[in-house]
> 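Sharing a structure here in structure tokens format.
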Amino acid sequence: MKPMHAAAALTFALAATASAQETPLAAQLPAGALLTLETRNAGPALGRLTDLIGGALRDTGMGEDGPAQLLGGFEGILTDSLGREGVAGVFTVQGKGGTFTPALLAVARTGDLSGEVFRSMIPQKKGARVGAYPFVRSGNLFAGQANGLVYVSSDKALLMSYLGRLSGKAAPTLAASAPYAAARGAAGNTELGLYANFSATAKVLRSQFAQFMLPRLLSPVVDALDTLGQVAGGLTTTDAGLSTVSAQVVNTAGKDRPLARILTDTTDFAVQDIIPADAEAVQATACAPESNAYAGRWLTRLDLLEPFGFLTDSQLASHLERAGQYLGSECAQVTLAGGTRAGLDQSDPLASLAASVTYQSVRDRAAAEAHLPEYVQSVNEAIAGLRGTLKGTLGDLMKGGMGGMDMEDMDMGSMDMGSMDMGGMGAAMMAGQESLDQIDALLGNLKMVYAFRGDYLITAFSEQALQAALDEGAAPLAQDPAFQAAALDMTASGGWSYQPDLPELSGEDLLGSLPADTAEMDMDETLGPVMDAVAGLINRYDGMTSQRTVAGNVIIGKANVKYRW
């Protein structure tokens, strides 16, 4: 090689190496990623997480010589690699016969510690090279390490394509692709990030289904997936907790136009004026009037597959469509006071329903009052019919399994060794009967109820929850100082959520949430410290607020979570 050519080659290699160190790793991935998971300057997040888990492990009695010490070692390696920067992407590669299969490509920056660890994991044998980047086959993967990077892929051609870009080859990159740039640009940088291209996934599915003609039942699913567009987001930890951000770029050119309108709908919220201030969780969304009819169409499709006839008996799809004619654009799902603890009660699966209600604004009160009695009666009658259907179906299955014998006819004591299988079947049948009785009791207590309060319809499956929501003597959420301090924007909003600092839980509370057969095993001494540690982790959570805004076809979601690391 001539001296001039050697100097030029050296200069190019140094430039390529410098570029690899400075340019975000995701930027040089091949275009067309279906999904990426990304980390960038994530050392603080990894440190807080491992310190938190390590402290919990020590609280359970697993001291410095146990898993806590092992976790500390992993923290150093992760901080020195993914803590710097890392990205893993899922791509589609073309296989035989024009089919597409998913393939993984992952790369991370390394320091001295992590570089040495990864070097020991990559087989030291002759392989291939693209520019300054060598790689070898390791099992079903292809891996290599060079210039401060470690990289691995499940597909050789995909890895070579990426290494070619790192070496300066001109080719379409992920950063330069409009879908990624739009979504990631709107979301901004985060310590831990995610990107998903639903439109690209839908395109791949269509090409696959074209091999054997796309079933009409699946076509609307693919159309909806395509309309979801692209989503990017992630989280960043802070001393006070963490913040999240997401950006969804809705594909307005997708075939599912109603879904695009529903996703980008906004409204002015006033439901906070009647929600009780002591509510433990509120999830409010702008629900376009056509959303009920849209849900009804999906239920009609599912009705073909639903085995128990509930959707047909309740005529739920038809009722939802009629309800859309008088319901407004505010919807809120609320967990009232006591709902969190009630959800831990395994002895009563319906306990949490006594603290769960739904609010919906009403545009036409007269039409609502005319329709709702029929709607509720239809649902409740269908629930009652479902009890009978389940009893008959499961009862027939049990009788078939027992060969037509009643439980009283089975003399367990007289069975010989050749009948042990029948004895085991009998125990299984008795367990099945117990489960059936529990389901029957649950459905027997399930009853839809409703009432109006001002311009809002309140529905519940518990009279207790409904009456709590109707209590006009309770202070409203809008006047709660903590809620006001959150400064959520209620004007032209796509939605919001609010959860205050919840009542603290104890290890005993969590033990009580375990199945009854666990309690009978007398494992309190073993599980007690574990549950105490888990309760400690939960109690560090001090509340959350989130806001969703819409600008054209871009939906921005931001949330702040209070957590004591």
> Taking atom types as modelled and ignoring hydrogens, do the side chains of Asn539 and Tyr541 form a donor-acceptor contact shorter than 3.5 angstrom?
no
> With no hydrogens and no angle check, do the side chains of Asp268 and Thr491 hold a donor and an acceptor under 3.5 Å apart?
no
> Do the charged groups of Arg297 and Glu321 touch, with an N to O distance under 4.0 Å?
no
> Could you tell me whether a side-chain N or O of Ser546 sits under 3.5 Å from a main-chain N or O of Trp496, the two making a donor and an acceptor?
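No: the side chain of Ser546 does not pair with the backbone of Trp496.
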> Is there a donor-acceptor contact under 3.5 Å from the side chain of Ser378 to the main chain of Ser314?
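Indeed, once roles are kept as given, a pair shorter than 3.5 Å links the two residues.
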> Would you check if the side chain of Gln464 reaches a backbone N or O of Ala355 as a donor-acceptor pair within less than 3.5 Å?
no
> For the side chain of Gln272 and the backbone of Ala478, is there at least one donor-acceptor N/O pair under 3.5 Å apart?
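Side chain of Gln272 to backbone of Ala478: no pair is present.
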> Parallel, tilted or perpendicular, judged at 30° and 60°: which one describes the rings of Phe483 and Tyr498?
perpendicular
> Using modelled atom types and a 3.5 Å cut-off, is there a donor and acceptor pairing between side-chain atoms of Gln360 and backbone atoms of Tyr456?
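No, the answer is negative, given that no donor and acceptor are paired below the 3.5 Å cut-off.
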> Test of understanding: with ring-ring contact (aromatic ring centres under 6.0 Å, His included), list the residues that count as partners of Tyr563, not counting sequence neighbours.
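For Tyr563, the residues satisfying ring-ring contact (aromatic ring centres under 6.0 Å, His included) (neighbours in sequence not counted) are Trp565.
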> Checking side-chain polar atoms at under 3.5 Å, does Glu330 have a donor or acceptor matched by the opposite partner on Thr267?
no
> Under a 4.0 Å N-O cut-off, is there an ion pair linking Asp501 with Lys562?
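Salt bridge between Asp501 and Lys562, a charged N being under 4.0 Å from a carboxylate O: no.
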> Donor-acceptor pair, Asn380 side chain versus Lys447 backbone, under 3.5 Å?
no
> Does Arg365 make a cation-pi contact with Tyr326 (under 6.0 Å, within 45 degrees of the axis)?
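Because its charged atom misses either the 6.0 Å distance or the 45° angle limit, Arg365 does not stack over Tyr326.
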> Okay, side chain of Asp509, backbone of Ser506: is any donor-acceptor separation there less than 3.5 Å?
yes
> Going by an N to O cut-off under 4.0 Å, is there a salt bridge joining Arg261 and Asp256?
no
> I'd like to know whether Arg206 forms a salt bridge (Lys or Arg N to Asp or Glu O under 4.0 Å) with Asp223, so could you lay out the CA-CA distance, the side-chain angles of the two residues, the decisive distance to 0.1 Å, and finally the verdict.
CA-CA 10 Å; Arg206 283 199 180 99; Asp223 291 342; 2.7 Å; yes
> Please state whether the rings of His371 and Tyr375 are parallel, tilted or perpendicular, taking 30° and 60° as the class boundaries.
parallel
> Between Arg48 and Asp239, is there a side-chain N and carboxylate O pair less than 4.0 Å apart?
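So Arg48 pairs with Asp239 through a salt bridge.
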> Between Glu191 and Thr39, do the side chains contain an N or O donor and an N or O acceptor separated by less than 3.5 Å?
no
> Assess, by modelled atom type and distance only, whether the side chains of Thr312 and Asp303 contain a donor and an acceptor separated by less than 3.5 Å.
yes
